[in-house]
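All chains are named by letter (A, B, ...) in the order of the sequence lines, taking the proteins before the strands, and each is independently numbered beginning at 1.
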2 protein chains.
Amino acid sequence: MTTTADRILDSAQTLVQVRGYNGFSYADISAELSITKPSIHHHFPTKAALAEALIVRYRERFAAARKEVDDGAADPRQRLVGYAGLYAETFAQGGRICLCGVFAVDAESLPVQVRQATDAFFADQREWVAGVLAEAGMPATRTSAAAEAYLASLEGALLLARAHGQPDGAADQDRDVVRSVAATLVTALL
Amino acid sequence: MTTTADRILDSAQTLVQVRGYNGFSYADISAELSITKPSIHHHFPTKAALAEALIVRYRERFAAARKEVDDGAADPRQRLVGYAGLYAETFAQGGRICLCGVFAVDAESLPVQVRQATDAFFADQREWVAGVLAEAGMPATRTSAAAEAYLASLEGALLLARAHGQPDGAADQDRDVVRSVAATLVTALL
DNA sequence: GTCTATACCAGGATAGAC
DNA sequence: GTCTATCCTGGTATAGAC
């Protein structure tokens, strides 16, 4: 069962990840779901409230997906590669980039709570990556900076993949760019 | 001597780098420069034309700044670190991020020429970084992927720094994040 | 090259019926 | 929970005077 609120969030999330927060409107969701704008306002009174709901759900889902990777991987190296796969698969779905990457760029347009949640998302990722790096034997003095670098390279790889999306059919190749960047980092860091 | 067109470009570039392409309007430039909106249209008939002028100038200026680094650095390592400094300094100026990073995120809202120029900008950077890495002794089979990773980490570091910009006065610390990420990459890759 | 005035449409949001 | 109708504002752009 999918509620209307969920369908709105699905549509909105894709729109944000593809066009940016200021690049879509309620009219776009309305057209996609064949529902009127006031109906959307009924579920999410303001666009800011919609953004807040989006990031809350995104963090939950991302945490769950990361746990899948955590449980399915045999060693730290595999965990880091599998984690990068989450980003690569995001891009493979219609050239989307990380929701929080978009929110970071559009931070000025967003309410404080969303900005804080975005920051918290990255802090959470940093902490997890640092833990995996420690598990892989990296000295504690280096894990923090290395985790930041790994995270930055993944978010940046999505940007580069997006920029490269000129010839429309090349999304597969661009997804590999994300994986390739991650592989380079894992090899170099460990 | 600064022409009106230049002043418009200056204002617009800052606005794009801080708010995103869809996050500002001619009214913002109008207010900042104490000039009317039609005057801006006189110099740049459409917002798309303004974006095109922006990226043309950005590429020229970035190339010049990179040449400064190229000429001033003694060895490849210093060149890479100095290059990262260009990104760090961008962020230090009011929390700006790379214009092309923003244009990559907002690509769907931009005309084809701007998208192509954004892609070309990144291709240019990739090529330059790859050349420096080769100069540093990296085998030719690895330079391409490593350059992509370095570039991604710099663009991503700007995103993370922006997201972290919660407490307003901490811009200095965030600029160091960019430099720290770059240092981690240089050490790990070479 | 800059202005006033204005057109036009879209975005975000509300009132109130069903 | 969804609709029709409507409001207000702001964004992009043009016409035409100075």
task = Check every atom of dT4(D), dG1(D), dT2(C) against the side chain of H42(A) and return the nucleotide holding the closest atom.
result = dG1(D)
inquiry  = Looking at T36(A), I'd like to know whether one of its side-chain N or O atoms comes within less than 4.0 Å of OP1 or OP2 on dC3(D).
reply    = yes
message = It should be established whether S39(A) places a side-chain nitrogen or oxygen under 4.0 Å from OP1 or OP2 of nucleotide dC3(D).
response = yes
query = What is the distance, rounded to the nearest whole Å, between atom CD1 of I40(A) and atom C1' of dT4(D)?
reply = 15 Å
ask   = Would you say L80(A) and L185(A) make side-chain contact, with heavy atoms under 4.5 Å?
value = no
message = From CZ of R7(A) over to P of dG1(D), roughly how many Å is that when rounded to an integer?
response = 14 Å
query = Within this structure, what is the CD1-to-C1' distance between I8(B) and dG1(C), rounded to whole angstrom?
reply = 10 Å
remark   = Once base and sugar-phosphate atoms are separated, protein heavy atoms under 4.0 Å mark nucleotides 7-18 of chain D, 5' to 3', with B, S and - as ----SBBBB---
inquiry  = Between T14(B) and R96(B), is there a side-chain donor-acceptor contact under 3.5 Å, judged purely by atom types and distance?
reply    = yes
Could you tabulate the donor-acceptor pairs under 3.5 Å formed by side-chain atoms of residues 53-64 of chain B, not counting sequence neighbours?
unit_1	atom_1	unit_2	atom_2	d
R57(B)	NH1	D10(B)	OD1	2.8
R57(B)	NH2	D10(B)	OD1	3.0
R57(B)	NH2	Q13(B)	OE1	3.0
Y58(B)	OH	L99(B)	N	3.4

task = Could you state the atom-to-atom distance from CG of L33(A) to P of dT2(D) in whole Å?
result = 10 Å
query = With sequence neighbours excluded, what pairs up with D176(B) under the salt bridge (Lys or Arg N to Asp or Glu O under 4.0 Å) test?
reply = none
ask   = With distance as the sole criterion, is a donor-acceptor pair present between the side chains of T3(B) and D6(B) under 3.5 Å?
value = yes
inquiry  = Quick test of your reading of the model: are E135(B) and R79(B) salt-bridged, counting only N-O distances below 4.0 Å?
reply    = yes
